[in-house]
Amino acid sequence: MQSKTNHCKIVDCTIRDGGLVNNWDFSVEFVQHLYNSLNEAGVDYMEIGYKNSPKLLKGADQAGPWRFLNDDFLKTVIPNKGQTKLSALVDIGRVDENDILPRSESMIDLIRVACYIQDVDKALELVQTFHDRGYETTINIMALSNVLENQMIEAFELINNSVVDFVYIVDSYGSMKPNDMSYLVDKFLEHLPNKRLGVHAHNNLQLAFANTLLAGGKGVELLDASVYGMGRAAGNCNTELLVTELQNTKYNIRPVLDMIEQHMVPMRDKVEWGYNIPYMVTGVLDEHPRSAMALRNSEDKDKYVEFYDQLTTPETANK
């Protein structure tokens, strides 16, 4: 019997999304080990960081090199590229298109453009530029749980007429339940019949894996994940779960387990990510996790009741 997920491909975001946890402070050895592990595991894409431009970023000099990838540097990191393609994310207003080489001269295969719904037109201009330079492209509309239907329909019209290859359903706040995900995937399929889809889920409610599988089963092709779930705040769907679950014989879990054992477990002792109560609270309230991240970095990090009361008391919630 043919599985419903034979079409799915995994995009591992450990370095890019995980970098939001440790300011992209990954050693070259860590990134090399991850690339080799993912390549051996059969993972389709590795998002090796952001391709934003340092001159357009505050605090760029404090961040690791994966925050604004340099093509010459990448050639030294991955001298022998395997089957796993490389991806990079850019943000509207933070990338100078003159810093993007033609794909034929770059290590990167896929450039993903992240934006909020009001900037879809700007995102698609960047997509056109990257497409013309030979890259595969995606548009990732963030914080979809807070978008009104009429805004979405307008965005779909622009996207339909664009060259973008993949359109992402992004659960930025980790607030979506499976029925929300199902509803959104149906909407995207209905309004974007000629576009391929991707999904990026966060784990605030411990539903990232379930939501990702559900999307894959409905025809979404690119499934974002990260090894050991490493990503901002509650983290992402786990690469190791997708590798074992997707009914596709090309994936192999063993190299991913090796990466976790050698590198992720020691890193988890130094920096925190993954499901915990403050992230659950912001997920339930459909809010950006920044308040929970600030709490976890303070001496009051385990004062859950006080945090909950702060976010849910009307007179303070709207300050």
(message) Is it true that, when you exclude D269 itself, more than 12 heavy atoms of the residues, nucleotides or ligands shown sit nearer than 6.0 Å to its CG?
(response) yes
(message) Salt bridge or not between R254 and E40? Use side-chain N to carboxylate O under 4.0 Å.
(response) no
(request) For atom CD of Q118, decide whether the heavy atoms of other residues, nucleotides or ligands shown that lie under 6.0 angstrom number more than 12. (result) yes
(request) Please examine the side chains of V256 and S37, heavy atoms only from C-beta on, and report whether any two atoms are closer than 4.5 Å. (result) no
(message) Other residues, nucleotides and ligands only: do more than 12 of their heavy atoms fall within 6.0 Å of NZ on K75?
(response) yes
(request) Check step by step if side-chain contact (heavy atoms from CB on, under 4.5 Å) holds for M264 and T14. (result) CA-CA 10 Å; M264 304 310 295; T14 309; 3.9 Å; yes
(message) Can a donor-acceptor pair be found, under 3.5 Å and without considering hydrogens, that links the side chain of S106 to the backbone of I108?
(response) yes
(message) Tell me whether E29 at atom CD has more than 12 heavy atoms from other residues, nucleotides or ligands lying less than 6.0 Å away.
(response) no
(message) Cation-pi check for Y50 against R16: NZ or CZ below 6.0 Å from the six-membered ring centre and within 45 degrees of the axis, yes or no?
(response) yes
(request) For atom OH of Y228, decide whether the heavy atoms of other residues, nucleotides or ligands shown that lie under 6.0 angstrom number more than 12. (result) no
(request) Give me the other members of the hydrophobic cluster that Y279 sits in, counting Ile, Leu, Val, Met, Phe, Trp and Tyr linked by side-chain heavy atoms under 4.5 Å, directly or via other members. (result) M293
(request) May I ask you to decide whether K51 forms a salt bridge with D99, counting only side-chain N to carboxylate O separations under 4.0 Å? (result) no
(request) Check the pair D119, K122 against salt bridge (charged side-chain N to carboxylate O under 4.0 Å, His left out), reporting the backbone distance first and the verdict last. (result) CA-CA 5 Å; D119 291 327; K122 291 184 193 144; 3.4 Å; yes
(message) Does any part of the side chain of F307, heavy atoms only, come nearer than 4.5 Å to the side chain of V281, both counted from C-beta?
(response) yes
(request) Evaluate whether atom OH of Y275 has more than 12 neighbouring non-hydrogen atoms of other residues, nucleotides or ligands under 6.0 angstrom away. (result) yes
(message) salt bridge (charged side-chain N to carboxylate O under 4.0 Å, His left out), that's the test. Do D302 and R296 meet it? Break it down for me.
(response) CA-CA 7 Å; D302 293 317; R296 296 303 294 169; 2.8 Å; yes
(request) Would you check if the side chain of D286 reaches a backbone N or O of S175 as a donor-acceptor pair within less than 3.5 Å? (result) no
(request) Could you tell me the separation between the CD atom of E97 and the OG1 atom of T129, rounded to the nearest 0.5 Å? (result) 4.0 Å
(message) Show, in sequence, the C-alpha distance, side-chain angles and deciding distance for D258 and H263, and conclude whether the side chain to side chain donor-acceptor pair (under 3.5 Å) test is met.
(response) CA-CA 8 Å; D258 177 65; H263 289 281; over 6 Å; no
(request) List the atom of K195, the atom of S162, and the distance in Å for their closest heavy-atom pair. (result) NZ-O, 2.7 Å
(request) Could you tell me whether the side chain of N161 and the main chain of E157 form a donor-acceptor pair under 3.5 Å? (result) yes
(request) Give a yes or no on whether the backbone of H191 and the side-chain of N160 come within a donor-acceptor separation of less than 3.5 Å. (result) yes
(request) Give a yes or no on whether the backbone of I78 and the side-chain of Q32 come within a donor-acceptor separation of less than 3.5 Å. (result) no
(message) With a 3.5 Å distance limit and no angle check, can you tell me whether H7 reaches the backbone of G217 through a side-chain donor-acceptor pair?
(response) no
(request) Heavy atoms only: give me the nearest E105-L101 pair and the separation to one decimal. (result) O-CD1, 3.6 Å
(request) Begin with the C-alpha distance, continue with both residues' side-chain angles, and end with the deciding distance and a verdict on side-chain contact (heavy atoms from CB on, under 4.5 Å) for F68 and L57. (result) CA-CA 9 Å; F68 32 83; L57 275 176; 4.1 Å; yes
(request) Give a yes or no on whether the backbone of A292 and the side-chain of T282 come within a donor-acceptor separation of less than 3.5 Å. (result) no
(message) Please find the pair of heavy atoms, one from M230 and one from S226, that lie closest to each other, and give the distance.
(response) O-OG, 2.9 Å
(message) Salt bridge or not between D309 and K303? Use side-chain N to carboxylate O under 4.0 Å.
(response) no
(request) Look at the side-chain heavy atoms of Ile, Leu, Val, Met, Phe, Trp and Tyr, link any pair under 4.5 Å apart, and say whether I10 and V227 land in one connected group. (result) yes
(request) Kindly determine whether Y116 and Q151 satisfy side chain to side chain donor-acceptor pair (under 3.5 Å), including the steps that lead there. (result) CA-CA 11 Å; Y116 289 105; Q151 291 178 295; over 6 Å; no
(request) Flag yes if L242 and V43 sit in one hydrophobic cluster, no otherwise; membership is Ile, Leu, Val, Met, Phe, Trp, Tyr, and two members link when side-chain heavy atoms are under 4.5 Å apart. (result) yes
(message) Using side chain to side chain donor-acceptor pair (under 3.5 Å), reason through N98 and D96 one step at a time and then give a plain yes or no.
(response) CA-CA 5 Å; N98 297 315; D96 180 344; 3.2 Å; yes
(request) Measure from the side-chain N and O atoms of Q128 to the backbone N and O of V163, and report whether any donor-acceptor pair falls under 3.5 Å. (result) no
(request) Look at the side-chain heavy atoms of Ile, Leu, Val, Met, Phe, Trp and Tyr, link any pair under 4.5 Å apart, and say whether I141 and V220 land in one connected group. (result) yes
(message) Could you check whether any side-chain N or O of N140 sits under 3.5 Å from a backbone N or O of R112, counting only pairs where one atom can act as donor and the other as acceptor?
(response) no
(request) May I ask you to test the N39-M46 pair for a side-chain heavy-atom distance under 4.5 Å? (result) no
(message) Which heavy atom of T244 sits nearest to which heavy atom of L241, and what is that distance?
(response) OG1-O, 2.9 Å
(message) Under a 4.0 Å threshold between the charged nitrogen and the carboxylate oxygen, would D165 count as salt-bridged to R196?
(response) no
(message) Between L34 and I15, is there a side-chain heavy-atom distance shorter than 4.5 Å?
(response) yes
(message) If we check side chain to side chain contact (heavy atoms under 4.5 Å, CB included) with C8, which of these qualifies: L213, L246, D44?
(response) L246
(message) As an exercise, state the distance from CG of L38 to CD of Q83, rounded to the nearest 0.5 Å.
(response) 13.5 Å
(message) Using the rule that Ile, Leu, Val, Met, Phe, Trp and Tyr join whenever any side-chain heavy atoms are under 4.5 Å apart, tell me whether Y173 and V185 fall into a single cluster.
(response) no
(request) Report yes or no: is the cationic atom of R232 (NZ for Lys, CZ for Arg) under 6.0 Å from the centre of the six-membered ring of W273, at an angle within 45° of the ring normal? (result) no
(request) Identify whether the distance between the nearest side-chain nitrogen and carboxylate oxygen of D109 and R103 falls below 4.0 Å. (result) yes
(request) Begin with the C-alpha distance, continue with both residues' side-chain angles, and end with the deciding distance and a verdict on side-chain contact (heavy atoms from CB on, under 4.5 Å) for I111 and V90. (result) CA-CA 7 Å; I111 300 186; V90 301; 4.1 Å; yes
(message) Would you say NZ of K58 has more than 12 non-hydrogen atoms from neighbouring residues, nucleotides or ligands within 6.0 angstrom?
(response) no
(request) Measure across A208 and N203 and return the closest heavy-atom pair with its distance rounded to 0.1 Å. (result) N-OD1, 3.1 Å
(request) Report the distance from atom SG of C237 to atom CG of D171, rounding to the nearest 0.5 Å. (result) 11.5 Å
(request) Please check if the distance between the ring centroids of W66 and F73 is under 6.0 Å. (result) yes
(request) Report yes or no: does H202 contribute a side-chain atom to a donor-acceptor pair with the main-chain N or O of A234 at less than 3.5 Å? (result) no
(message) Any non-hydrogen side-chain atom of P54 less than 4.5 Å from a side-chain atom of L56?
(response) no
(request) Provide the closest heavy-atom pair for K187 versus F156 in the form atom of the first, atom of the second, distance. (result) O-CE1, 4.2 Å
(request) Check whether F188 and V170 end up in the same hydrophobic cluster, where Ile, Leu, Val, Met, Phe, Trp and Tyr are linked by side-chain heavy atoms less than 4.5 Å apart. (result) no
(message) Working to the nearest 0.5 angstrom, can you tell me the gap between L223 CG and E245 CD?
(response) 11.0 Å
(request) Would you give the length of the straight line joining atom CD1 of I169 to atom OG1 of T212, rounded to the nearest 0.5 angstrom? (result) 10.5 Å
(request) Take Y35 and D12 through the side chain to side chain donor-acceptor pair (under 3.5 Å) test and state the conclusion after the steps. (result) CA-CA 10 Å; Y35 181 80; D12 182 89; over 6 Å; no
